[in-house]
Amino acid sequence: MASEAAAVATSNERKLTIARAMAEATAQEMRTDPTVFVMGEDIAKLGGVFGNTRGLLEEFGKQRVRDTPISETAFMGAAVGAASDGMRPIVELMFVDFFGVCFDAIYNSMAKNCYFSGGEVKVPVVLMTSTGGGYSDAGQHSQCLYGTFAHLPGMKVVCPSNAYDAKGLMTTAIRDDNPVIYMYHKGLQGMGWLGTEPLANVHTPEDTYEIPFGEAAIVRQGTDVTLVGCAMGVHNALKAADKLAEKGVSAEVVDLRTLVPLDRDTVFNSVAKTGKLIVVDEDYQSYGLTGEIIASIAERDVSVLKASPQRVAYPDVPIPFARVMEQHCLPNPDKIVAAYEKIA
Amino acid sequence: MLPTYEQKLWMYEHMLISRYFEEQIEQIYLEGKTPVFNMANGPIPGEMHLSNGQEPTAVGICAHLTPEDIVTATHRPHHQAIAKGVDLNKMTAEIFGKKTGLSGGRGGHMHIFDPAVNFACSGIIAQGLGPAVGAALSRKMQGKEGVAVAYMGEGAANQGAFHEALNLASVWKVPVIFVIEDNAWGISVAKAESTAVGDNSLRAVGYGMPGHMIPGNDPIAIFDVAGEAIARARRGEGPTLIEIETSRLAGHFMGDAEGYRPAGELDSLKAVDPIPTMRNRLATEHGLTTSEDEAIAGRARKKVDDAIKFARESADPAPEEAFEKVFA
Ligand SMILES: Cc1ncc(C[n+]2csc(CCOP(=O)(O)OP(=O)(O)O)c2C)c(N)n1
């Protein structure tokens, strides 16, 4: 079921960055639930390289806000152990690209212990991790890897596109009894030094609230084509929709908000209305989100498609450093418009 | 194994090249990034980890190496690369993301690969260690000369890969030297707050190899200890762990406000900057004259300036080149 995005409502009210929205949701849960604690590299004194734990050390102290050694295998495993023993750890993997040094704890334990214990052992971990490129950080610091995490069963996967959703999804993530991979895009984080998308900073209420998982948001209504994406993909799609509107084309934009669970119904209903589908993804193209979305439409009722579905994703190459090469590979609004023109 | 005067001069000159290089990179990195600092802008975008202050760890070790020896470097690789003899023009062009760069602009500053001098790099902490063990194993299996040196920061000694690689190197008795550059910080986290032992060289005991801790950021002391360790490896007697106390005179990366550094720390580190210290030693112990010093500095500066000029004048890669070289 789709819900209207409060995010797009223009408002004079308080705006936050995604970084601050994440920190605020975390602080609010820590105030009411003493089992919530945070650990990771540079998350305490520095407040997180990407700002999403700023202020937590000052309010909650070193016991509950823990800088770790550069020991992801150990602290990711520690999150699993603490979570199974009644705590609710929030753990940060600084860049998603670093999952390689600790993936066993994530996909073989965190994600499977519930199942292997017949549902007896709960593992309520929130794993926060940064994604995305566009600022020339090359192939070990720029990936999205949404599909890698979403592919493996047992983990929920969240990827907000704006601060309103970021706060509500974080609250839901912390209260969830399952592992939640919370993937925040560096280019939406509100950190000026990374260059940031201003439309990600939106009105965010001070009171605590949840956004249910598995509910996509229709962030722009349209009738001619459905553009689907998450995180930065949503902003690319919104900009493409503006460009298409100038050509008299009405694009509907669906913000998935969570990849697991995936709101296939909202995407299907939108495509059933528009007849055309373009999926936008900054993750590698093959074996990922774009293919999954298209398959889910095709297998439900291929006759809703009036044209071949298109994808605008990151090509299957490691992310290059040089600006000209990286920008050439990244999805952008013009590529989405060009994809539409193929099926117009 | 103390260095000759020639070796000391080689170390000094390479320290100067490295420092000038970082000073130039620092300035150029800021082009296009003021008044608003945005990493994506300017002729050198992306992250930038400078090695100012850590030159002794590079020259003290690499003074013993030939191009055939192997070095695996870190996310902070410029000083290591310069001391190992990586082609400075191509490396600089790589840092600028140019077509003439070592990888044609695909890797950038954290991914410096120069097979001509057996130099490789990873931006993932401690991930140079396994490859160093493997390269050393390969030399042993092929009956070829050469040792491998794996550089890492002190923060990397808390990675699983560190412990696994040391054990494996020892069990297989391969010619590898593990070099920890202890600059006291892993981004904002102090060594004392993240490491169970004050001195990482003690960890060598657990892996059945000699361990050395070298205080003072002193290239001559490093040369001395490294000489024995490398000779031992060349004799087939296996790996050594060396931890070197050094200093990070810049932020973790460019743009780091360093709010976590205690007041006064940077000033006291600058007061013992290894470059003037080395210069004074050469003057007092060997009578290096001002004009000799200026000649060395001039050579160093020219080498760097030439490399920067080469990089600036080189063309960008074609955008489509992104799709090439994924496979051999
Ligand atoms: C596996 C992994 N975890 C975290 C990081 C992020 N990171 C980059 S540099 C750094 C600190 C490294 O400290 P140290 O090893 O002491 O080297 P230094 O930066 O001080 O030279 C961290 C945590 C990384 N690159 N790889």
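The sequence lines fix the lettering, A, B, ..., with proteins before strands; numbering per chain opens at 1. Since the model is a prediction, treat every value here as computed from it, not as a measurement.
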Problem - Heavy-atom side-chain contact between A:Phe98 and B:Ile124 under 4.5 Å - result: yes

Problem - Residue among B:Thr195, B:Ile187, B:Asp316 with most heavy-atom pairs under 4.5 Å to chain A - result: B:Ile187

Completion exercise
Separation between CE (B:Met39) and CH2 (A:Trp193), nearest 0.5 Å, reads 4.5 Å

Completion exercise
Cut-off 4.5 Å, heavy atoms of chain A, and the answer for B:Phe96 is backbone

Handout entry: Close approach to chain A in residues 40-54 of chain B, criterion heavy atom under 4.5 Å
Key = B:Ala40, B:Asn41, B:Gly42, B:Pro45, B:Gly46, B:Glu47

Completion exercise
Interatomic distance, CE@B:Met152 vs CD1@A:Ile70, rounded to 0.5 Å, equals 12.0 Å

Problem - Sub-4.5 Å side-chain heavy-atom contact between A:Val324 and B:Pro317 - result: yes

Exercise for the section: Please assess A:Gln140 against B:Ser122 for the test side chain to side chain contact (heavy atoms under 4.5 Å, CB included), listing each intermediate value before the final yes or no. Expected result: CA-CA 8 Å; A:Gln140 294 179 342; B:Ser122 176; 3.5 Å; yes

Practice task
Would you check if there is a donor-acceptor pair between the side chains of B:Gln159 and A:Glu72 at a distance under 3.5 Å?
Solution key: yes

Exercise for the section: Taking atom CZ of A:Arg20 as the centre, report whether more than 12 heavy atoms of other residues, nucleotides or ligands fall under 6.0 Å from it. Expected result: no

Fill in the blank from the handout: Checked B:Gly160, B:Gly107, B:Ala157, B:Gly104 vs chain A; the most non-hydrogen pairs under 4.5 Å come from B:Gly107

Completion exercise
Looking only at A:Val317, A:Ile319, A:Thr196, most heavy-atom pairs under 4.5 Å shared with chain B are made by A:Val317

Practice task
Of all the heavy-atom pairs spanning B:Glu94 and A:Phe321, show the shortest one and how long it is.
Solution key: O-CE2, 3.5 Å

Handout entry: Residue-level contacts of residues 319-328 of chain B with chain A, using a heavy-atom cutoff under 4.5 Å
Key = B:Pro319, B:Glu320, B:Glu321, B:Ala322, B:Phe323, B:Val326

Fill in the blank from the handout: For B:Asn38 and A:Gly195 the tightest heavy-atom approach is ND2-CA, 3.3 Å

Exercise for the section: Output the distance between atom OG (B:Ser194) and atom CG (A:Asp67), rounded to the nearest 0.5 Å. Expected result: 9.0 Å

Problem - Residues, nucleotides or ligands: over 12 heavy atoms within 6.0 Å of B:Lys33 NZ - result: yes

Handout entry: A:Asp42 side-chain N/O to B:Ser188 backbone N/O, donor-acceptor pair under 3.5 Å
Key = yes

Practice task
Decide if atom NE2 of A:His151 counts as having more than 12 heavy atoms of other residues, nucleotides or ligands within a radius under 6.0 Å.
Solution key: no

Problem - Heavy-atom proximity to chain B below 4.5 Å, by part of A:Ser71 - result: both

Practice task
Report the C-alpha distance between A:Asp137 and B:Met110 in whole Å, list the side-chain angles of each, state the deciding distance to 0.1 Å, and finish with yes or no for side chain to side chain contact (heavy atoms under 4.5 Å, CB included).
Solution key: CA-CA 9 Å; A:Asp137 215 357; B:Met110 274 191 278; 3.4 Å; yes

Practice task
With a 4.5 angstrom heavy-atom cut-off, could you sort out which part of B:Ala318 is near chain A: side chain, backbone, both or neither?
Solution key: backbone

